[in-house]
Amino acid sequence: MWRNGAVFQGISRRQLNEVYGALSEKGSFMRKRIAEILAAPEVGEQLQIAGWVRTRRDAAGFSFLEVGDGSSLANLQVIAEQTLANYRDEVKKLSTGCTVLVTGVLQESPAKGQSVELRADAIEVLGWADPESYPLQKKHHSFEFLREICHLRPRTNALGAVARVRSRLSYGVHTFFQERGFIQVHTPIITTSDCEGAGEMFQVTTPSASSVDSGEFFGRPAGLTVSGQLQAEVYAQALGNVYTFGPTFRAENSNTSRHLAEFWMVEPEMAFCDLARNRQLAEAMLKFLLRLVLTECAADLALFDRFIAKGLVAKLEAVVDQDFSHITYTQAVEQLQQSGQSFVYPVKWGIDLQSEHERYLTETIYQRPLIVTDYPAVIKPFYMRLSDDGLTVAAMDILVPGIGEIIGGSQREERYDVLLARMQQAGVDPLSYDWYLDLRRYGTVPHSGFGLGFERLVQFVTGMANIREVIPFPRTPGFAPC
RNA sequence: UCCCCGGUAGCUCAGCUGGUAGAGCAGGUGACUGUUAAUCACCCUGUCGGCGGUUCGAAUCCGUCCCGGGGAGCCA
């Protein structure tokens with residue numbers, strides 16, 4: 001227990017009291033997170049937990065309460081004896097979803113299923129959950145149903161595990177880049193530049209925009225960002241290596257298990273960097289993140305492995321251990337043509353690879369993450385660097401089994417004349433990208449970067465089939481309940 | 001947005017070629033039990049996704065809209 005002046009994990013007792021204290025009607029208390037208790041159980045320790053009742057089972061003269069507080073997948077079993085003052089009136093009426101504050105002593109469990117359990121000295125009910133109307137039951141629910149109650153779904157095992165893994169991955173993204181000297185840049189969410197080729201923009205304006213002189217709040221049409229790349233390039237060409245990690249918006253009417261209208265994207269941008277190093281960084285980053293969750297989220301991954309995607313952990317371990325395969329677009333086309341596989345869309349040099357092609361490459365031929373580079377210039381955006389052959393650009397896609405494209409990136413066109421010509425070919429007005437051209441007029445540098453769809457990463461790591469389950473509050477066409 | 005499939009009790013689903021509904025789980029009551037998706041008995045539950053049409057009669061057939069799933073496009 002706490003002693004005055006003690007510091008726990010760098011947090012002072014006063015700070016912890018600010019967070020956890022004074023919640024109970026019986027005065028302040030010091031709850032211990034179940035994850036901490038189970039990580040280093042001390043039999044005989046007097047402690048307090050607070051959490052949600054997962055289930056209550058009655059035995060002769062006492063009840064079992066399974067209590068979870070979200071700190072871990074595992075719950076703590078509470079023994080509630082009938083000698084408790086409120087046993088008959090309250091404890092016996094506890095049901096799934098109720099919130100309780102339990103004070104007691106940790107003891108060894110005589111039965112199988114758990115090594116320790118909390119023998120309650122007092123149980124305070126903080127919140128009831130009427131079993132007649134509480135939607136969550138002690139049984140499996142479909143993810144489609146849970147999506148309709150996304151304010152309650154993080155209380156389930158699977159969605160809680162997703163939230164913990166997602167948080168860890170987010171932390172890992174920052175760790176990876178910060179440890180390598182990358183500067184985080186907060187690129188704008190409201191933007192007036194369309195990152196060409198990145199999809200439809202949501203318009204941003206205000207009903208009273210007409211009261212602003214030009215009729216546009218920002219003096220020109222504005223929208224929610226579809227990519228932070230162009231602005232990240234600005235900072236890369238001042239600070240060297242930068243990254244941006246923030247929300248991204250696409251107004252596409254996409255209805256798939258891999259698309260959201262609002263999602264999070266990780267976009268590093270490196271000055272003095274070519275496509276090969278860009279590729280290496282992307283592979284290193286993915287392996288770093290996978291290694292992180294394999295070691296730090298093992299219990300949550302085990303849940304996914306068992307119930308969501310059999311063999312998940314072995315698959316992730318294999319990705320960490322193996323080198324990613326790398327082929328050029330031209331080689332990909334040849335291999336698809338020679339595969340003997342018949343596709344709905346015939347493979348021909350010059351067409352973009354379709355989903356069926358990408359899946360066949362990564363799932364059937366290579367059976368591991370695959371990097372495809374050097375795509376035809378005609379199917380890629382103007383900012384990608386034109387290669388010496390004049391036909392291809394220094395682009396790369398990283399394809400993973402089950403998801404398809406998880407990363408898209410390129411070396412950027414740093415030559416003013418070539419960039420200008422590519423803009424004109426693409427029908428992009430150079431005047432509206434004058435600031436972008438300035439970066440090539442003054443002290444231009446070869447540079448590269450990529451975009452990682454964060455939710456697709458979480459999907460890949462958790463094995464969740466639908467991207468709507470790996471973001472807390474999914475936004476899709478016709479859906480944004482809270 | 002396009003193609004295919006689906007929408008029936010709180011949840012997961014059954015309901016053949018039209019005759020206005022049923023199971024398991026959950027919930028309630030009781031019994032039993034160091035239980036752990038506890039067990040046993042009894043009880044309760046429905047605008048059959050919305051609207052319109054065909055028919056004596058529609059959960060069932062037709063049209064349309066909404067929502068979900070699978071695939072595609074767009075992409076991350």
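Throughout, protein chains are lettered first and strands after them, A, B, ... in sequence-line order, and every chain is numbered starting at 1.
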Can you name the ring-ring contact (aromatic ring centres under 6.0 Å, His included) partners of A:Phe182, sequence neighbours left out? A:Phe177

Do other residues, nucleotides or ligands put more than 12 heavy atoms under 6.0 Å from A:Arg57 CZ? yes

In short, ring-ring contact (aromatic ring centres under 6.0 Å, His included) pairs touching residues 454-482 of chain A with sequence neighbours left out are A:Phe245-A:Phe454

Sort out the partner of B:G6 for me: Watson-Crick or G-U wobble, both distances under 3.5 Å, none otherwise. B:C67

Suppose we screen for ring-ring contact (aromatic ring centres under 6.0 Å, His included). Which residues come up paired with A:Phe263, at least two apart in sequence or across chains? none

Can you tell me the base-pairing partner of B:A72? Count Watson-Crick or G-U wobble geometry only, both distances below 3.5 Å, and say none if there is no partner. B:U1

Taking atom types as modelled and ignoring hydrogens, do the side chains of A:Tyr235 and A:Thr187 form a donor-acceptor contact shorter than 3.5 angstrom? no

Considering only heavy atoms, which members of residues 344-362 of chain A lie under 4.0 Å from some atom of RNA chain B? A:Tyr345, A:Gln354, A:Ser355

Candidate list A:Leu260, A:Thr256, A:Asn253, test side-chain contact (heavy atoms from CB on, under 4.5 Å), partner A:Thr476, passing option: A:Leu260

Checking A:Glu233 against A:Gln229: is there a side-chain donor and acceptor pair closer than 3.5 Å? yes

For the P atoms, the ones on B:G18 and on B:C3, what distance do you get once it is rounded to whole angstrom? 28 Å

How many Å lie between CG on A:Asp130 and C1' on B:G27, as a whole number? 9 Å

Want to settle it: does A:Glu132 or A:Gln114 sit nearer the 5' end of RNA chain B, counting the closest nucleotide to each? A:Glu132

Can you name the residues that form a ring-ring contact (aromatic ring centres under 6.0 Å, His included) with A:Phe145, not counting sequence neighbours? A:His141

Qualifying residues under ring-ring contact (aromatic ring centres under 6.0 Å, His included), relative to A:Trp128, sequence neighbours excluded: none

Using the P atom as the reference point in each nucleotide, state the distance between B:C13 and B:G70 in Å, no decimals. 13 Å

Return yes if the base of B:G27 and the side-chain atoms of A:Gln137 contain a donor-acceptor N/O pair under 3.5 Å, otherwise no. no

Could you please spell out the steps behind the side chain to side chain donor-acceptor pair (under 3.5 Å) verdict for A:Thr191 and A:Gln231? CA-CA 10 Å; A:Thr191 179; A:Gln231 289 93 344; 3.3 Å; yes

Return the set of residues passing side-chain hydrogen bond (donor to acceptor under 3.5 Å, both in side chains) with A:Asp69 (not counting sequence neighbours), or none when no residue passes. A:Ser71

Quote, to the nearest angstrom, the C1' distance that separates B:G63 from B:U20. 22 Å

Need the pair for B:C16. Rule: Watson-Crick or G-U wobble, both distances under 3.5 Å, any strand; none if unpaired. none

Once rounded to the nearest 0.5 Å, what's the spacing between atom CD of A:Glu405 and atom CZ of A:Arg456? 6.5 Å

Kindly give the atom pairs (protein nitrogen or oxygen, nucleotide nitrogen or oxygen) under 3.5 Å for nucleotides 37-47 of chain B.
unit_1	atom_1	unit_2	atom_2	d
B:A38	OP1	A:Lys138	NZ	2.8
B:A38	OP2	A:Arg57	NH1	3.2

Could you tell me whether A:Ile406 contacts a base, only the sugar-phosphate backbone, or nothing, with contacts defined as non-hydrogen atoms closer than 4.0 Å? sugar-phosphate

Output for pair (A:Thr392 OG1, A:Asp374 CG), nearest 0.5 Å, gives 5.0 Å

Mind checking A:Leu457 for me? I need base, sugar-phosphate or nothing, with any heavy atom below 4.0 Å counting as a touch. nothing

Whether the side chain of A:Arg250 and the base of B:A76 hold a donor-acceptor pair under 3.5 Å is what I'd like checked. yes

With rounding to the closest Å, how many angstrom separate the C1' atoms on B:G69 and B:U12? 15 Å

Roughly how far apart, to the nearest Å, are B:C4 and B:G73 at atom C1'? 16 Å

Any A:Leu336 side-chain heavy atom under 4.5 Å of A:Leu353 side chain: yes

Provide the Watson-Crick or G-U wobble partner of B:A41, both distances under 3.5 Å; none if there is no partner. B:U29

side-chain hydrogen bond (donor to acceptor under 3.5 Å, both in side chains) filter on A:Tyr243, not counting sequence neighbours, yields A:His174, A:Gln178

Close N/O contacts between protein and nucleotides 66-70 of chain B (under 3.5 Å):
unit_1	atom_1	unit_2	atom_2	d
B:G68	O3'	A:Arg147	NH1	3.2
B:G69	OP1	A:Arg147	NH1	2.4
B:G69	OP1	A:Arg147	NH2	3.1
B:G69	OP1	A:Asn466	ND2	3.2
B:G69	OP2	A:Arg468	NH1	3.3

Sugar-phosphate, base or nothing in reach of A:Ser109, heavy atoms under 4.0 Å: base

Does a distance-only test, which skips hydrogens and angles, find a donor-acceptor pair under 3.5 Å between the side chain of A:His141 and the base of B:C11? no

Identify which one of A:Arg258, A:Arg166, A:Arg147 satisfies the salt bridge (Lys or Arg N to Asp or Glu O under 4.0 Å) criterion when paired with A:Glu469. A:Arg147

Euclidean distance, A:Arg468 CZ relative to A:Ile471 CD1, rounded to 0.5 Å: 12.0 Å

Decide, applying a 5.5 Å centre-distance limit and a 30° plane-angle limit (both strict), whether A:Phe263 stacks on B:A76. yes

Over all strands shown, is A:Pro110 touching base, sugar-phosphate only, or nothing at heavy-atom distances under 4.0 angstrom? base

If you apply the rule ring pair (Phe, Tyr, Trp, His ring centres under 6.0 Å), what do you find for A:His357 with A:Phe343, and how did you get there? CA-CA 8 Å; A:His357 305 142; A:Phe343 296 104; 4.9 Å; yes

Using the C1' atoms only, state how far B:C62 lies from B:U54, rounded to an integer number of Å. 7 Å

Quick check: any donor-acceptor pair below 3.5 Å linking the side-chain of A:Ser254 to the base of B:C75? no

Mind checking the P distance from B:U29 to B:C65? Whole angstroms is fine. 47 Å

Close approaches to RNA chain B from residues 366-377 of chain A, in residue order (heavy atom, under 4.0 Å): none

Quote, to the nearest angstrom, the P distance that separates B:A26 from B:G71. 32 Å

Would you tell me whether A:Arg250 and A:Thr248 have side-chain atoms, one donor and one acceptor, within less than 3.5 Å of each other? no

Categorize A:Phe64 for me: base, sugar-phosphate, or nothing, with a 4.0 angstrom heavy-atom threshold over every strand shown. base

Upstream residue (5' side of RNA chain B) when A:Glu108 and A:Pro135 are each assigned their closest nucleotide: A:Pro135

Could you please name the option among B:C74, B:U35, B:U12 that lies closest to any side-chain atom of A:Glu252? B:C74

In numerical order, the residues of residues 73-80 of chain A whose heavy atoms come under 4.0 Å of RNA chain B are A:Gln77, A:Ile79

Nucleotide paired to B:U55 in any strand shown, Watson-Crick or G-U, under 3.5 Å: none

Looking for any heavy atom pair under 4.0 Å, which part of the strands does A:Glu117 touch: base, sugar-phosphate only, or nothing? base

